[in-house]
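As the structure is a prediction and not an experimental result, all values here were calculated from the model. To find a chain, count down the sequence lines: A is the first, B the second, and so on, and within it residues start at 1.
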There are 2 protein chains.
Amino acid sequence: MTVTIYDVAREANVSMATVSRVVNGNPNVKPTTRKKVLATIERLGYRPNAVARGLASKKTTTVGAIIPDISNIFFSELARGIEDIATMYKYNIILSNSDSKKENELQLINTMLEKQVDGILFMGGNITDEHIQQFKTSSVPVVLAATYDSSNEIPSVNIDYELAAYEATKELVNNNENKQPAFVGSLRETVVNSLKYEGYVRAVRESNIEFNEDLVFTIDSSYDEGLAVAEKLIELDSKPSSVFVTSDEVAIGVIHGFQDRGHNVPEDIQVFGFDNTKLAKMVRPTLSTVVQPMYDIGAVAMRLLTKYMNKEEVTDKNVVLPHRLEKRDSTLSD
Amino acid sequence: MTVTIYDVAREANVSMATVSRVVNGNPNVKPTTRKKVLATIERLGYRPNAVARGLASKKTTTVGAIIPDISNIFFSELARGIEDIATMYKYNIILSNSDSKKENELQLINTMLEKQVDGILFMGGNITDEHIQQFKTSSVPVVLAATYDSSNEIPSVNIDYELAAYEATKELVNNNENKQPAFVGSLRETVVNSLKYEGYVRAVRESNIEFNEDLVFTIDSSYDEGLAVAEKLIELDSKPSSVFVTSDEVAIGVIHGFQDRGHNVPEDIQVFGFDNTKLAKMVRPTLSTVVQPMYDIGAVAMRLLTKYMNKEEVTDKNVVLPHRLEKRDSTLSD
DNA sequence: GTTAGAGTTAGAAACGATTCTATCCAGAAT
DNA sequence: ATTCTGGATAGAATCGTTTCTAACTCTAAC
């Protein structure tokens, strides 16, 4: 039924080895035989079987990507970066959602390894010792993308979350005669988020403001939670005049929460987001935010992974990409 | 180095066949030997090689998903639906972006087939005869998701785009004392879009309005294009008082384009979108739109594919999922 | 006219599973 | 006691490649 390399060999009067060489572009083939083989490949409609090749060569040209949730605009952008570079290097991606659940994550790593991927790209929330253990004993290289491992043992690509949050908070403090901005984020969820919190705290402390815990709001990360937290902010006795929010989606929720209750952004309250997803420009007022280059993180992470897979020398195993503040209309200009 | 089924067999004093039976849950194994084998698997840390299994069994439990752009909020939602059902049926997904380019699409189908996927899920713009040809001669089943093939030869999952557009347009006409709504969409791009256009035309014609071609705007599908087209609408002599837009993202651009120029939505102009991506609730005013169940389309398509892969009987090869209109604040209520 | 050596090619052994066929063995039936 | 039956198991072929080694061919040099 299906045409195999053997059929081609027989029809072209050469050995399987020669056909294999032709298919794989090995230069040690006489041009005339190459042409002959190519012709019979065409004639028979031969299509190499990547599974058999994978078994024989122990390479699948496939990498596994474990991602919290592909329907999240942040991760889908990241995934696109991964995919584009993967395509460039002739790899395919097996994509799986973990919902950031440790159990799923560990399970998925195992599945990927069974499928003999050549490498793994991991995005997730908390990296536990168990994760590290699995990564270190993995038979193939692993790279973390937008995922923080405090031990720095696993190769990774990130931005400096603490610094970025510090700068954003500082910006709000400066615009506000040294009033403490509120903080809205999902602390517990991930190490990345607690880094943002640390940056926020540092900026506040540095400004000689007496730190007010009441201005810190810990919520699940969603637009609706942002809407809801706006109400709490309004009801506060010491109502803040600015908020630093750890993600754009929540920040937009906060903005609308205020607007829906008759408050104006940025006049009554300034809002600073994080990520610069394309949503940031799709609100009124447009959202000031920390630019985190999602696409690039994915792309660089994939590129880094190819280096490991090719056993190339890697000079910078924990890459920190630049970030910047993009000031738009949800904050006041200096 | 790596532990194979043969190692397990030797250590457990059984044959490879028996180990294979244990691993695959074949009941014809004496409980005591099963236990013994399981123990040595555990002890040696044996992990089955899915590639070898794939070669021997001719099944990879992997399906290919060809998608225009995973970073597009519409498709990422669809992808999540696919993924969830795939996981449920123990399949993994190889995900690739085509950017809706025919050349990429055809190439990707070929790659997927080389990788011996058990089935293909295809999302794309225009299905050409060449596509159909490839699908029909494919060795594995293919299902289209949110992708229209006018010949209805290939299994597919869609909504009734013509009817949905008709209903949305009708709604606008009724709210507007029989004035013709403008149409903003990307006609040429896909068959799906021209179906929407047909629905729009039918609704207008049916209302005994003299059809005005000047109110039809054909643009590339993006937020920025939406912003831009708003200006053109404003400059129109016969300025419309409502617009039907074929996607939410563009619709939101249109809304903001009007707002940025001092016009109010829905008082000055009503806007109706299409898709009900999560963006629709994340604007002010919230966007009235056609609810297209992206997640469900993905999920149902994947489910349908499993049926074909299992050679189950399929009664409904071209599934049409229900849609509905969700009226929010960008249109006037009756 | 040998021979060396480079360039080509053939042959066969992996790769690590599944699966078909055959064998073995125990207990039931006669 | 012998035969029969069916559940367990073993053995070996197979899946479709890659890749190693050996051998062959041809030309150039001596």
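Residue B:Glu114 contributes atom CD, which lies 15 Å from atom P of D:dG16 at whole-angstrom precision. Spacing between atom NZ of A:Lys115 and atom C1' of C:dA17 amounts to 14 Å, rounded to whole angstrom units. Taking atom CG of residue A:Asn24 and atom C1' of nucleotide D:dG16, one finds them 13 Å apart after rounding to whole Å. If you take NZ of A:Lys59 and C1' of D:dT17, they are 15 Å apart, rounded to a whole angstrom. In this structure, NZ of B:Lys36 is placed 8 Å from P of D:dT9, rounded to the nearest angstrom. As rounded to whole Å, 18 Å separates atom P of C:dG16 from atom CZ of A:Arg53. Rounded to an integer number of Å, the gap from A:Tyr6 OH to C:dA10 C1' is 13 Å. In this structure, NZ of A:Lys30 is placed 9 Å from C1' of D:dC26, rounded to the nearest angstrom.
For the OP1/OP2 pair of D:dA8 and a distance below 4.0 Å, the side-chain nitrogens and oxygens of B:Thr33 include no atom meeting the criterion. Applying the 4.0 Å criterion to OP1 and OP2 of D:dT9, one finds that B:Ser15 has every side-chain N and O outside that range. Taking only side-chain nitrogens and oxygens, A:Thr18 comes nearer than 4.0 Å to OP1 or OP2 of C:dA10. Note on B:Ser20: every side-chain N or O is 4.0 Å or more away from OP1 and OP2 of C:dT19. Contact check, A:Asn28 against C:dT9: no side-chain N or O comes under 4.0 Å of OP1 or OP2. A close approach under 4.0 Å does occur between a side-chain nitrogen or oxygen of A:Tyr46 and OP1 or OP2 of D:dT17.
Checking C:dC15, D:dT9, C:dT18 against every side-chain atom of B:Ile5, the shortest atom distance belongs to C:dT18. For B:Thr4, the listed nucleotide lying nearest its side chain is C:dG16; candidates were D:dT9, D:dT18, C:dG16. Of the candidate nucleotides C:dC15, D:dT9, C:dT9, C:dC15 has the atom nearest to the side chain of A:Lys58. Among the nucleotides D:dG16, D:dT17, D:dT9, the one closest to any side-chain atom of B:Val29 is D:dT9.
For the pair A:Asp99 and B:Arg80, the salt-bridge criterion is met [side-chain N within less than 4.0 Å of a carboxylate O].
Residue contacts for B:Arg34: at a heavy-atom cut-off of 4.0 Å it reaches no nucleic acid atom on any strand shown. Contacts of B:Val23 with the nucleic acid, taken as non-hydrogen atoms under 4.0 Å apart, are absent. As judged by a 4.0 angstrom heavy-atom cut-off over every strand, B:Val14 is placed among residues touching the sugar-phosphate backbone only. Using a 4.0 Å heavy-atom distance criterion, B:Asn13 is classed as a sugar-phosphate-only contact.
A:Asp84 and A:Tyr295 are linked by a side-chain donor-acceptor pair at a separation below 3.5 angstrom, with hydrogens and angles left out of the test. Under the 3.5 Å distance criterion, with hydrogens and angles disregarded, no donor-acceptor pair is assigned to the side chains of B:Thr40 and B:Arg43. Side-chain N/O atoms of A:Thr128 and A:Asn126 include no donor and acceptor closer than 3.5 Å. A donor atom on one side chain and an acceptor atom on the other are found under 3.5 Å apart for B:Arg303 and B:Thr306. Between A:Lys115 and A:Thr60, the side chains place no donor N or O within less than 3.5 Å of an acceptor N or O (distance only, hydrogens not considered). One side chain, B:Ser156 or B:Asn318, offers a donor N or O that lies under 3.5 Å from an acceptor on the other. B:Asp149 and B:Ser151 are linked by a side-chain donor-acceptor pair at a separation below 3.5 angstrom, with hydrogens and angles left out of the test. Checking B:Asn110 against A:Arg47 by side-chain atom types alone, a donor-acceptor pair falls below 3.5 Å.
End-to-end axis angle of the helix from C:dG1-D:dC30 to C:dT30-D:dA1, from C1' rotation axes over five pairs per end: 50° (rounded to 10 degrees).
Mapping B:Pro31 and B:Ala56 onto DNA chain D by nearest heavy atom places B:Pro31 at the nucleotide closer to the 5' end. Judged by closest nucleotide on DNA chain C, B:Asn49 is the one of B:Asn49 and B:Arg21 placed further toward the 5' end.
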